[in-house]
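Worksheet for the structure shown next.
The basis for the numbers below is simple: all heavy atoms, side chains too, and nothing from hydrogens, waters or symmetry mates.
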Number of protein chains: 2
Amino acid sequence: MDTKEPLQKLLDYLASDMELCNRLIMDRMQSSVDLVSQLAAHLIVAGGKRLRPLLTLASARLCGYEQLSQGSMPRHVRLATSIEFLHTSTLLHDDVVDESKLRRGADSANVVFGNAASVLGGDFLFARAFQIMTEDGSLDVMRVISQACATIAEGELLQMTTQNDLSTSIARYYEVIYGKTAALFAASCRVGAIVADSTVKDEEALENYGLNLGMAFQLVDDALDYSAKQEELGKTVGDDFREGKITYPILIAYQKADAEEKKFWERVIESCDQTDQDLEHALSLINKHQALEETLKEAMSFANKACDAIRHFPEGELHSLFEEIARYTVTRHF
Amino acid sequence: MDTKEPLQKLLDYLASDMELCNRLIMDRMQSSVDLVSQLAAHLIVAGGKRLRPLLTLASARLCGYEQLSQGSMPRHVRLATSIEFLHTSTLLHDDVVDESKLRRGADSANVVFGNAASVLGGDFLFARAFQIMTEDGSLDVMRVISQACATIAEGELLQMTTQNDLSTSIARYYEVIYGKTAALFAASCRVGAIVADSTVKDEEALENYGLNLGMAFQLVDDALDYSAKQEELGKTVGDDFREGKITYPILIAYQKADAEEKKFWERVIESCDQTDQDLEHALSLINKHQALEETLKEAMSFANKACDAIRHFPEGELHSLFEEIARYTVTRHF
């Protein structure tokens, strides 16, 4: 039995594309302003899975993209770089917005360099991403990406307005995670199809794959915040809880709560009046109502939709990896 | 003698263009997310001169731009809107970066809505600006604007590294104000020339006009921070001083300082060790060494360069207004 993780298999499959992409990321983060280069170095060292650019590279290849001129940087690599810059830009801004202290197990940039540098560093990467897209020259790509960027900001703002509000509907929660996560996954995949000169049907299929993968990904992320597995990833358990963030596990536990439990949730989430013991009690209620299991079930349903979206693509190693990654996103940490 | 301000004359000259632009600004700031619309409303009420979009509209007209199809929104209006969004985005982020309390005489957005909403609202406007540019479809425009956006972020980051550092050279100070102000003025003008299908010579001429106008504008702004006129504009005197921001008046006063004065500047600017009386002493030293007069002389030299840059354009009312505005930028408040 092959025990290698599907993400690692995809990285191996696309090793030379990814190597070019990593090189371009390093190259285009440089600036004549030292502080920009320092911020960039911090982010590069912190690493990250580079999942979004990987999706762009993989989608292009799944649609049969072949590099045309051997000399210049292939288009899918350039656009994957641009997408990683946009993603990093949103991370920098999110850490300021959430007043985070950790990112990928290390001090976050706002802790090391301050809020000001994180805001402006994010702005720089955002602008650089559009410079790279302009160099590539596809208006279709820019339409998809600029739309996604507007949706991301709207999703984050919507999340702020749902914070501490237990009357948030599941539909509203899905709107939030579509904006904060799935929209960029969808755009990352669609851009890959666009550079491969695919049909609109294939573009939309990959966009749907990315969208559903992103929804699954965020649901799992929201479940992990209440899971002991979280600590193994270098993150603290209960961050969302302490912020009063409305996520799927909370909505389920609140739906199923009796009168006394409802009072508990209203005190800790709506009034943000928490003591040290409250997280433990919250975890026991989440456990009692199987809220994490329901969250993961929901995530798996999105993962299956992701696989369905690309069903019509010819069978092969890459196609199988797309399917494995969608399901592994849900099963990985549980 | 005509006493109407040149900026008002230009607004009158371009009244119908500007009306379309204001309407489009209102229209494209809307979002399905309430918080976005509220932020937008706050910014629209706060108003502002809309100087940058005005430059785009005026530059297009100076280059002979004629609206082609009567039905759709003219290109120069769309791009002017996009530039106002980018400018507003940088204001939102600057207020977070500077921890400002006031903007245009009213509470700034970070005070009313918090840092998080200001960061994300800025991101939304940035994305929306690129959406509008994509709809317009000119890669030339996007190249100019995305380059300007990267330069703005670099300029702001460079400014952070010069803060409290009296060894900053005048050249480095110019680099900062080019980034934080002149780059977008330059791009605003160049974009106007691009939509008018101008020659590269005319594009560059208008870019140079904007660049030099922007340098003059920022020098005057930096002088105003130490001028009693500042209070009439609803801003407090000495904001830059209290932050230890390195601006032209400070660099001149420090250059001309005797040993005791140098010690004073080093204490208040480099060590940021200030008492309530220090601003008054700083003002007296700036006055003694005529640092504001020197700053304005420098600003006027940039204003003259702005006029020189467009000298070859045919004479006429609009051309005269460009010249008047450049000089009025310097003389307006003194």
Mutual orientation of the aromatic rings belonging to B:Phe130 and A:Phe126 [parallel < 30°, tilted 30-60°, perpendicular > 60°]: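 B:Phe130 vs A:Phe126 ring planes: tilted.
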Toward chain A, the part of B:Thr161 with a non-hydrogen atom under 4.5 Å: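 Contact with chain A: side chain only.
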Side chain / backbone / both / neither for B:Met142 at chain A, heavy atoms under 4.5 Å: both
CA sep, side-chain torsions, deciding dist, call: B:Leu120, A:Val97, side-chain contact (heavy atoms from CB on, under 4.5 Å): CA-CA 8 Å; B:Leu120 297 171; A:Val97 165; 3.8 Å; yes
Close side-chain approach of B:Asn115 to A:Val96, heavy-atom, < 4.5 Å: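 B:Asn115 does not reach A:Val96 side chain to side chain.
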Largest heavy-atom contact set with chain A, pairs under 4.5 Å, which of B:Arg143, B:Arg128, B:His93: B:His93
Step-by-step side-chain contact (heavy atoms from CB on, under 4.5 Å) determination, B:Asp34 to A:Leu158: CA-CA 8 Å; B:Asp34 286 347; A:Leu158 188 62; over 6 Å; no
B:Arg172 CZ: over 12 foreign heavy atoms closer than 6.0 Å: no
Shortest non-hydrogen contact from B:Thr134 toward A:Leu139: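 That would be CG2-O, 3.6 Å.
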Residue-level interface, residues 146-157 of chain A with chain B, non-hydrogen cut-off under 4.5 Å: A:Ser146, A:Gln147, A:Cys149, A:Ala150, A:Ala153, A:Glu154, A:Glu156, A:Leu157
